[in-house]
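The chains referred to below are lettered A, B, ... by the order of the sequence lines, with proteins before strands, and numbering in each begins at 1. It should be emphasised that the depicted structure is a prediction, and the values quoted were computed from it without experimental measurement.
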Amino acid sequence: MRKKKAKQDFFDKVYRIVSKIPYGKVTTYGLIAEKCGIGSSARNVGWALNKAKNSNLPCHRVVNRNGELTGKLHFVDPDLMENLLKSEGISFVDDHVDLEKHLWKPK
DNA sequence: TGGATGACCTACA
DNA sequence: CTGTAGGCCATCC
């Protein structure tokens with residue numbers, strides 16, 4: 001485990017998928033996890049983003065299964081997440097994203 | 001090597 | 001709706 005060549009596979013996939021989230025769309029940890037081959041462990045997606053938060057990933061477009069912005073507290077500025085999403089035309093219902101309209105499924 | 005951590009999910013009271 | 005509990009799996013130290 002975590003040998004010389006760590007399984008960066010997982011991280012790489014997450015990175016690639018999140019990078020491809022189109023403008024004005026959002027996706028969920030669960031879907032990403034599934035596409036990364038860890039289907040049962042969506043946590044690691046959040047962990048991966050935690051590592052990637054220093055990158056230029058649109059991690060603000062990643063929400064949990066209910067469309068809630070669970071990760072916004074981990075942003076440099078918690079309000080930035082809502083701000084960005086609203087700026088992209090994302091509809092909010094109460095405090096969560098309208099997945100019906102903006103859910104994007106990874107290829 | 002092994003315990004601790006985590007931006008989740010589901011189920012149940 | 002809120003709180004608790006278990007599971008899941010890769011990485012950190």
Rounded distance (Å) that lies between atom P of C:dA10 and atom NZ of A:Lys13: 11 Å
A:Asp9 CG - C:dC9 P separation (whole Å): 16 Å
Among C:dA10, C:dC8, B:dA7, the nucleotide that comes nearest once only the side chain of A:Ile38 is considered: C:dA10
Rounded distance in Å - CG (A:Asn50) to C1' (C:dC12): 12 Å
Between P of C:dC1 and NE2 of A:His96, the distance in whole Å: 10 Å
Sugar-phosphate only, base, or nothing, as touched by A:Lys53 at under 4.0 Å among non-hydrogen atoms: base
Atom pair distance, as rounded to whole Å: OH in A:Tyr15 and P in C:dT11: 17 Å
Rounded distance (Å) that lies between atom P of B:dG6 and atom CG of A:Leu73: 13 Å
Residue A:Ser40, side-chain heavy atoms: nucleotide from B:dA7, B:dC9, C:dC8 that is nearest: C:dC8
Taking every non-hydrogen atom, the tightest pair across A:Thr70 and A:Tyr29: OG1-CE1, 3.8 Å
Donor-acceptor under 3.5 Å (A:Asn64 side chain, A:Asn66 main chain): yes
Per A:His74 side chain, nearest of listed nucleotides C:dC9, B:dA7, B:dC9: B:dA7
Contact under 4.0 Å: A:Asn64 side-chain N or O vs B:dC9 OP1/OP2: yes
Nearest-0.5 Å distance, CZ of residue A:Phe10 to CH2 of residue A:Trp47: 6.5 Å
From A:Phe11 atom CZ to A:Lys51 atom NZ, the distance as rounded to the nearest 0.5 Å: 8.5 Å
Closest listed nucleotide, where the reference is the side chain of A:Ser41 and the choices are C:dC8, C:dA10, B:dA7: C:dC8
Solution key, residues 85-94 of chain A side-chain donor-acceptor pairs under 3.5 Å, sequence neighbours excluded:
{"from": "A:Ser87", "atom 1": "OG", "to": "A:Asn83", "atom 2": "O", "distance (Å)": "2.6"}
{"from": "A:Glu88", "atom 1": "OE1", "to": "A:Gly24", "atom 2": "N", "distance (Å)": "3.4"}
{"from": "A:Glu88", "atom 1": "OE1", "to": "A:Arg61", "atom 2": "NE", "distance (Å)": "2.8"}
{"from": "A:Glu88", "atom 1": "OE1", "to": "A:Arg61", "atom 2": "NH2", "distance (Å)": "3.3"}
{"from": "A:Glu88", "atom 1": "OE2", "to": "A:His60", "atom 2": "NE2", "distance (Å)": "3.2"}
{"from": "A:Glu88", "atom 1": "OE2", "to": "A:Arg61", "atom 2": "NE", "distance (Å)": "3.3"}
{"from": "A:Glu88", "atom 1": "OE2", "to": "A:Arg61", "atom 2": "NH2", "distance (Å)": "2.8"}
{"from": "A:Ser91", "atom 1": "OG", "to": "A:His102", "atom 2": "NE2", "distance (Å)": "3.2"}

Length of the line joining A:Lys51:NZ and B:dG6:C1', which is rounded to integer Å: 11 Å
Closest to side chain of A:Ala42, choosing from C:dA10, B:dA7, B:dC9: B:dC9
Atom-to-atom span, CH2 of A:Trp47 to P of C:dC13 - whole angstrom: 11 Å
